[in-house]
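Contents: one structure, followed by commentary.
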Amino acid sequence: MASNIETSLTKKVWTLATTLAGQGIGFTDYITQLTYLLFLKMDDENTRLFGDESAIPEGYRWSDIIDLDGFDLLKQYEETLKKLSEEDNLIGTIFVKAQNKIDKPVYLKKVITMIDGEQWLVMDGDVKGAIYESILEKNGQDKKSGAGQYFTPRSLIQAMVEVTNPQIGETVCDPACGTGGFLLAAYDHMKSQSQDKGRLDFLRNSSLHGYDNTALVVTLASMNLYLHGIGTDRSPILCQDSLEKAPEILVDVVLANPPFGTRPAGSVDIDRQDFFVETKNNQLNFLQHIMVMLKRYGRAAVVLPDNVLFEGGAGEVIRKELLKNYNLHTILRLPTGIFYAQGVKANVLFFQKGISTKEVWYYDYRTGIKHTLATKPMHRQHLDDFVKCYNIENIQARQESERFKCYRVEDLLARDKTSLDITWLKQTDDEEDVSLSELITNIEEKSKNIANAVARLKELMTGIEE
């Protein structure tokens with residue numbers, strides 16, 4: 001039954017999205033407005049059905065917009081967004097920097113009418129949470145919106161959480177949380193570990209911490225967690241740039257897929273005394289930040305691009321630090337074709353703070369592996385052998401296999417630039433199984449990267465005398 005409700009509502013939400021797209025209203029803008037209105041509707045249901053006091057200030061509630069039409073509706077809605085964005089609580093987080101993107105009253109009314117036709121609050125938390133997650137995931141598949149950059153494959157998230165094994169009572173952080181996928185997976189992993197009310201309250205309200213520097217993403221992530229019953233008074237997600245300053249709290253577990261590429265234009269320059277080395281490489285800075293923010297014996301699972309394994313200079317300094325003062329015990333090599341950005345070559349680094357590395361185990365899930373988002377997506381069962389080889393019950397009893405090999409730290413430290421870029425399996429077929437549309441997207445992506453590099457080079461050259 002829950003599945004039918006989820007499918008029906010998701011279809012209804014997306015049918016309207018398609019209609020609005022024909023009017024020039026982007027999917028991401030639509031999902032954002034849906035989020036704002038859905039929160040107002042659930043607050044109204046909470047007041048009418050359960051008699052609780054409304055969390056929304058008078059004059060800016062669902063009842064103040066539901067009967068309006070035309071420009072009266074538009075004016076009231078925009079005033080509501082402005083007012084709620086100024087609140088200092090969960091409301092302020094969900095409505096952070098809120099603006100109306102549906103400027104035609106007739107289409108705004110369509111969204112409101114659709115939301116008003118359902119009783120959202122009485123739905124099981126897993127159902128309405130699943131509906132919202134499926135909408136976010138579907139939005140991420142829309143290449144025009146660019147929302148895919150916020151998504152890590154759910155199958156990979158589940159495997160990472162399973163082997164990292166966060167325990168109820170521990171603190172978990174994602175410093176580049178996107179829409180909250182890692183935090184939700186960690187929550188699902190921990191919630192069945194205890195029935196104690198105090199421990200469950202800690203899990204819902206204090207255990208999870210997420211950061212993102214994009215207001216839109218903070219809105220979506222906060223709502224995603226809220227619909228799952230997490231952070232109902234104050235969102236665990238904060239809108240801030242994790243790299244700007246040293247972490248205010250240390251945590252037990254970090255799960256993350258930091259953004260690849262360079263820092264966005266206009267970002268504050270990084271001047272961190274707690275970092276091991278200064279660099280402009282975004283991934284290396286996120287890796288340093290994660291290393292710093294772990295408690296002693298805290299553990300991390302982080303998705304990072306290939307260059308982190310072999311880049312010289314700052315990269316070598318950080319790798320040496322990882323091997324000498326952290327236990328970098330496992331590296332999972334990932335195939336291409338699993339991310340919305342085409343051609344990305346990435347790995348998952350698993351490490352623990354405060355213990356020096358004795359050996360690094362590599363699992364090669366890249367050589368000879370072909371996935372595409374359209375025709376052969378990666379599912380959780382594809383990582384079953386990795387999870388089995390990881391042997392969370394007893395890491396000391398690991399055994400080598402064709403895809404799972406162990407390297408002594410002495411040998412790794414002796415490699416040129418302390419390179420951790422290791423492959424032992426031979427590729428037997430270099431031909432990639434990709435669709436024509438994915439091939440075109442791949443070409444477009446590489447062209448864009450070249451254009452960005454040229455623009456950056458021109459910027460650096462400005463003012464230099466010929």
Between atom [atom1] of [X] and atom [atom2] of [Y], what is the distance when rounded to the nearest 0.5 Å?
X      : Y      : atom1 : atom2 : answer
Glu45  : Leu38  : CD    : CG    : 8.5 Å
Leu203 : Ile168 : CG    : CD1   : 5.0 Å
Arg48  : Ser63  : CZ    : OG    : 9.5 Å
Tyr365 : Asn347 : OH    : CG    : 14.5 Å
Thr80  : Lys83  : OG1   : NZ    : 10.5 Å
Lys353 : Asp252 : NZ    : CG    : 11.5 Å

Can you find a side-chain donor-acceptor pair between [X] and [Y] that sits under 3.5 Å?
X      : Y      : result
Asn285 : Gln288 : yes
Gln33  : Tyr77  : yes
Asn224 : Thr179 : no
Thr375 : Thr372 : yes
Tyr107 : Thr19  : no
Arg299 : Thr164 : no
His289 : Asp274 : no
Asn213 : Gln240 : no
Asn165 : Gln167 : yes

Do [X] and [Y] have side-chain heavy atoms sitting under 4.5 Å apart?
X      : Y      : result
Thr171 : His209 : yes
Gln273 : Asp271 : yes
Asn282 : Pro258 : no
Ile237 : Tyr211 : no
Val303 : Met160 : yes
Arg199 : Met190 : no
Phe95  : Thr219 : no
Val254 : Asp174 : no

Within the side chain of [X], is there an N or O that forms a donor-acceptor pair under 3.5 Å with the backbone of [Y]?
X      : Y      : result
Thr336 : Lys345 : no
Thr214 : Leu216 : no
Arg366 : Arg333 : no
His371 : Lys376 : yes
Asp64  : Tyr60  : yes
His382 : His379 : yes
Glu321 : Met291 : no

Problem - CA sep, side-chain torsions, deciding dist, call: Cys177, Phe182, side-chain contact (heavy atoms from CB on, under 4.5 Å) - result: CA-CA 7 Å; Cys177 68; Phe182 278 109; over 6 Å; no
Problem - Audit row: Leu255, Val253, side-chain contact (heavy atoms from CB on, under 4.5 Å) steps and yes/no - result: CA-CA 7 Å; Leu255 299 158; Val253 178; 4.0 Å; yes
Exercise for the section: Evaluate whether atom CD of Glu58 has more than 12 neighbouring non-hydrogen atoms of other residues, nucleotides or ligands under 6.0 angstrom away. Expected result: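 No, because the 6.0 Å sphere around CD of Glu58 holds 12 heavy atoms or fewer from other groups.
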Practice task
Please indicate whether Phe71 has more than 12 foreign heavy atoms, meaning atoms of other residues, nucleotides or ligands, lying under 6.0 Å from its CZ.
Solution key: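 No, the 6.0 Å shell around CZ holds no more than 12 heavy atoms from other groups.
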Practice task
Could you please spell out the steps behind the side-chain contact (heavy atoms from CB on, under 4.5 Å) verdict for Leu73 and Ile65?
Solution key: CA-CA 6 Å; Leu73 170 62; Ile65 64 171; 4.0 Å; yes
Exercise for the section: Could you tell me whether Arg380 and Asp384 have a side-chain N and a carboxylate O separated by less than 4.0 Å? Expected result: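 Yes, Arg380 and Asp384 are salt-bridged.
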Practice task
May I ask you to decide whether Glu278 forms a salt bridge with Arg272, counting only side-chain N to carboxylate O separations under 4.0 Å?
Solution key: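 Salt bridge absent between Glu278 and Arg272.
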Exercise for the section: Sort and list the pairs that fulfil side-chain hydrogen bond (donor to acceptor under 3.5 Å, both in side chains) and have at least one residue in residues 87-103, not counting sequence neighbours. Expected result: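 For residues 87-103, and leaving out neighbouring residues, the side-chain hydrogen bond (donor to acceptor under 3.5 Å, both in side chains) pairs sorted by first residue read Glu78-Asn100.
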Practice task
Could you check whether the rings of Phe39 and Tyr226 sit parallel, tilted or perpendicular, using 30° and 60° as the cut-offs?
Solution key: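 Answer is tilted, since the angle falls between 30° and 60°.
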Problem - Contacts of type salt bridge (Lys or Arg N to Asp or Glu O under 4.0 Å), residue Asp201, not counting sequence neighbours - result: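 Applying salt bridge (Lys or Arg N to Asp or Glu O under 4.0 Å) to Asp201 gives Lys197, Arg204.
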Handout entry: Sequence-distant partners of Asp69, salt bridge (Lys or Arg N to Asp or Glu O under 4.0 Å), two or more places apart
Key =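 Only Lys109 meet the salt bridge (Lys or Arg N to Asp or Glu O under 4.0 Å) criterion with Asp69.
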